[in-house]
Amino acid sequence: MQQRCVILDIGGVLEFTPDTGWPARWERQLGLPAGAMDERLADVWHAGAVGTIDEIAVRTEVAARLGLDAARADALLADLWTEYLGTPNTELIAYVGELRGRCGLGILSNSFVGARERESAAYGFDTLVDQLHYSHETGLLKPDPRAYEAVCAALGASPEDCLFIDDFPPNIEAARAAGLPAHLFEDNPATLTRIAAHVGPAV
């Protein structure tokens, strides 16, 4: 068993992902009422999050349901990915990188098909941690307790030894219910302090 592990969320933690307002902009351009995009595409977004649809099918469904040609469908999805990827939390990413070899490291993310390739290219998450668990690859969305159990098992660690960090309170509550100590991300200083207390001093 690993002595200690740290498991992190991506969006809002390792990436800063402020709302860019892209769905509302597209609804205005297309003359759709507010919320129409999510109403028309809710099942596509869900399928992409649990990996039952691929990127080609996502593009096809977006184009068909919103009446877009190929170029405009690509432009809409580019806006989606711009918000999804956000900007890197460089301080936290660097700190996590310094923990390699001192503890087990994992990522547990509610994701979307195509995220691994884009985030690996942009931020190197595939080499930052030991276990990278994307919902579109595992089929498990937080706060499903099985998502937490799976990443702990993959790290070879007991839940009580795995500190989980997320910016969404229900995911924190679910992690604690699954037996993991958990920290709600609000800023870097408090998070770095909490990780250091969990991992302990470097030997």
Side-chain angles (χ1 to χ4, degrees), residues 2-20 22 48-49 51 55 78-138 140-143 147-148 150-157 159 161-172 174-176 178 180-203:
Q2 294 272 7
Q3 181 62 30
R4 294 288 184 183
C5 293
V6 177
I7 302 167
L8 304 104
D9 177 42
I10 294 180
V13 178
L14 290 170
E15 295 167 359
F16 295 125
T17 54
D19 183 354
T20 63
W22 69 269
E55 285 196 79
D79 283 348
L80 178 156
W81 284 113
T82 294
E83 179 178 293
Y84 186 104
L85 293 171
T87 57
N89 183 348
T90 53
E91 182 182 21
L92 182 56
I93 291 170
Y95 182 81
V96 172
E98 293 169 1
L99 295 174
R100 290 302 298 264
R102 289 179 55 194
C103 65
L105 295 170
I107 281 174
L108 181 61
S109 174
N110 284 356
S111 56
F112 196 73
V113 61
R116 176 184 285 269
E117 295 79 7
R118 289 170 174 82
E119 289 174 329
S120 293
Y123 306 131
F125 292 154
D126 56 329
T127 57
L128 181 68
V129 299
D130 306 305
Q131 292 291 330
L132 180 49
H133 281 220
Y134 281 117
S135 67
H136 75 273
E137 295 175 347
T138 66
L140 298 172
L141 286 162
K142 297 173 293 185
Y148 305 95
V151 69
C152 291
L155 286 164
D161 290 326
C162 296
L163 174 66
F164 176 68
I165 298 165
D166 200 295
D167 64 320
F168 189 51
N171 292 339
I172 293 293
R176 289 174 177 156
L180 289 75
H183 172 78
L184 180 66
F185 180 88
E186 295 178 315
D187 58 48
N188 281 335
T191 299
L192 300 186
T193 297
R194 181 66 183 89
I195 293 173
H198 178 76
V199 173
V203 177

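The shown structure was predicted, so the numbers you read here are calculated from the model rather than taken from an experiment.
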Determine whether a donor-acceptor pair (N or O, by modelled atom type, separation under 3.5 Å) exists between the side chain of [X] and the backbone of [Y].
| X | Y | result |
| --- | --- | --- |
| Ser120 | Glu117 | no |
| Lys142 | Leu108 | yes |
| Arg4 | Cys162 | no |
| His198 | Asp161 | yes |
| Glu83 | Thr20 | yes |

Taking only residues two or more places apart in sequence or in another chain, which ones pass side-chain hydrogen bond (donor to acceptor under 3.5 Å, both in side chains) with [X]?
| X | value |
| --- | --- |
| Thr193 | none |
| Thr191 | His183 |
| Glu55 | Arg118 |
| Tyr123 | none |

Apply side chain to side chain contact (heavy atoms under 4.5 Å, CB included) to [X] and list each qualifying residue two or more places apart in sequence or on a separate chain.
| X | value |
| --- | --- |
| Ala94 | none |
| Ala196 | Tyr95 |
| Ala182 | Phe164, Ile172, Ala175, Arg176 |
| Asn89 | Phe16, Glu91, Leu92, Phe185, Asn188 |

* **salt bridge (charged side-chain N to carboxylate O under 4.0 Å, His left out) pairs, two or more places apart, involving residues 180-198** => none
* Of all residues at least two apart in sequence or in a different chain, which pass the ring-ring contact (aromatic ring centres under 6.0 Å, His included) check with Phe168? -> none
* To do: Any chance you could measure Glu15, atom CD, to Asp167, atom CG, to the nearest 0.5 Å?
  => 11.0 Å
* Structure fact -> Heavy atoms of Ile10 and Phe125 approach each other most closely as CG2-CE1, 3.7 Å
* Asked: Under 3.5 Å, is there a donor-acceptor pair linking the side chains of Glu119 and Tyr134?
  -> yes
* **Sequence neighbours excluded, every pair satisfying side-chain hydrogen bond (donor to acceptor under 3.5 Å, both in side chains) that has a member inside residues 105-116** => Ser111-Ser135, Ser111-His136, Arg116-Glu137
